[in-house]
**Q** 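Have a look at the structure that comes next, please.
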Amino acid sequence: MLVIPAIDLKDGQAVRLFKGDYNQKTVYSNEPAKLAKAFEEMGAKLLHVVDLDGAKDGECINLETIKKIKQNTSMQVELGGGIRNIETVALYLDEVGIDRVILGTAAINDPEFLKSAINTYGPEKIVVGVDVKDGFVSTSGWLKISNVPYLEFIKELEKLGVKYIVATDISKDGTLQGPNFDMYEQIARTSTINFVVSGGIKDAQNIKDVASKNYYACIVGKAYYEGKVDLKEVITCLQNG
């Protein structure tokens with residue numbers, strides 16, 4: 001299982017939100033690029049970066065910070081937030097050198113764009129963020145709820161050739177209450193897609209529990225920032241692939 005540290009960007013800073021609420025923000029670093037380098041030194045192979053401003057506004061708000069992160073680390077970097085057209089996909093993959101992009105709002109609002117991105121760059125480069133609130137897919141930086149049940153959406157993604165998703169229970173994100181294992185078990189039962197467990201990880205035991213189920217990967221954010229997880233130890237013990 002991959003253990004993936006997370007950096008959420010707002011106004012050029014590394015932050016965490018509580019349940020996706022932009023008004024409940026904690027700043028953890030003013031130098032996200034140095035933070036990324038520290039994660040690399042702990043043994044991380046893949047870094048999860050989200051442009052929170054971009055997710056809300058649909059633009060590349062933190063582009064310069066993202067460039068610095070990529071330039072400062074040899075880790076693979078996946079990036080989400082505000083990527084809603086093929087030009088932005090090309091900017092991040094071709095120009096900035098991001099290893100894979102995460103499509104969220106655009107994947108549900110514009111399936112043809114998702115198809116085009118997969119056809120152009122391949123399924124290894126295009127990840128879909130499945131952000132869930134009350135059983136339905138959320139969009140626009142978690143500010144809007146669709147009428148699409150998350151399991152139906154995941155089945156459609158599989159049909160389109162998507163290989164990887166990041167599945168987040170918004171009600172768990174940033175809470176340190178533990179992930180929604182029921183949701184992930186349902187995904188595993190109804191789909192063969194590779195999914196990343198995201199949201200709510202509170203300690204090393206949570207991460208071990210994810211690994212024991214042979215899920216593809218697990219994102220660690222607030223649990224690291226709040227000192228609940230020794231990330232280097234967890235990566236050394238659990239990471240493979």
**Q** Between the side chains of Asn85 and Thr88, does any donor sit under 3.5 Å from an acceptor?
**A**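 Looking only at side-chain atoms, Thr88 and Asn85 do form a donor-acceptor pair, the distance falling under 3.5 Å.
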
**Q** Salt-bridged, Lys155 to Glu158, with N to O below 4.0 Å?
**A**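 No, no charged N to carboxylate O under 4.0 Å.
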
**Q** Is the charged tip of Lys213 near the ring of Phe181: under 6.0 Å from the six-membered ring centre and within 45° of its axis?
**A**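 Yes, Lys213 sits over the ring of Phe181.
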
**Q** Among Val166, Leu157, Val196, find the residue that satisfies the side-chain contact (heavy atoms from CB on, under 4.5 Å) test when tested with Val130.
**A** Leu157

**Q** What's the separation between atom CG in Asp110 and atom CD1 in Ile108, rounded to the nearest 0.5 Å?
**A**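 Interatomic distance, Asp110 CG to Ile108 CD1, rounded to 0.5 Å: 11.5 Å.
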
**Q** Report the relative orientation of the aromatic rings in Tyr184 and Phe195; use parallel for angles under 30°, tilted for 30 to 60°, perpendicular for over 60°.
**A** parallel

**Q** What is the minimum heavy-atom distance between Cys218 and Val210, and which atoms define it?
**A**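 In terms of heavy atoms, the two residues are closest at CB-CG1, 4.0 Å.
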
**Q** Which heavy atom of Pro149 sits nearest a heavy atom of Asn147, and at what distance?
**A**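 Scanning both residues completely, I find the closest heavy atoms to be CD-O, 3.5 Å.
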
**Q** Answer yes when Lys133 and Asp169 have at least one side-chain N-carboxylate O distance shorter than 4.0 Å, and no when they do not.
**A** no

**Q** Kindly indicate, with the supporting measurements, whether the criterion side chain to side chain contact (heavy atoms under 4.5 Å, CB included) is fulfilled by Ile170 and Val132.
**A** CA-CA 6 Å; Ile170 295 171; Val132 181; 6.0 Å; no

**Q** Give the C-alpha distance, both sets of side-chain angles, the deciding distance and a yes or no for side chain to side chain contact (heavy atoms under 4.5 Å, CB included) between Lys70 and Lys67.
**A** CA-CA 5 Å; Lys70 183 57 184 170; Lys67 286 180 179 178; 5.9 Å; no

**Q** Quick check: closest heavy atoms across Ala44 and Ile235, and the distance to 0.1 Å?
**A**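 Looking at all heavy atoms of both residues, the closest pair is N-CD1, 3.7 Å.
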
**Q** Are Tyr225 and Tyr28 an aromatic pair by the rule of ring centers under 6.0 Å?
**A**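 Yes.
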
**Q** Do the side chains of Asp51 and Lys10 get close enough for a salt bridge, i.e. N-O under 4.0 angstrom?
**A** no

**Q** Does Arg100 make a cation-pi contact with Tyr164, if we ask for NZ or CZ under 6.0 Å from the ring centre and within 45° of the axis?
**A** yes

**Q** How close do Leu91 and Cys60 get, heavy atom to heavy atom, and via which atoms?
**A** CD2-SG, 3.8 Å

**Q** Can you hop from Val96 to Leu93 via hydrophobic side chains spaced under 4.5 Å?
**A** yes

**Q** Are Leu176 and Val197 connected in the hydrophobic side-chain network, where two residues link if heavy atoms are under 4.5 Å apart?
**A** no

**Q** On a heavy-atom basis, which atom in Asp99 and which in Val77 lie closest, and how many Å separate them?
**A**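 That would be OD2-N, 2.8 Å.
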
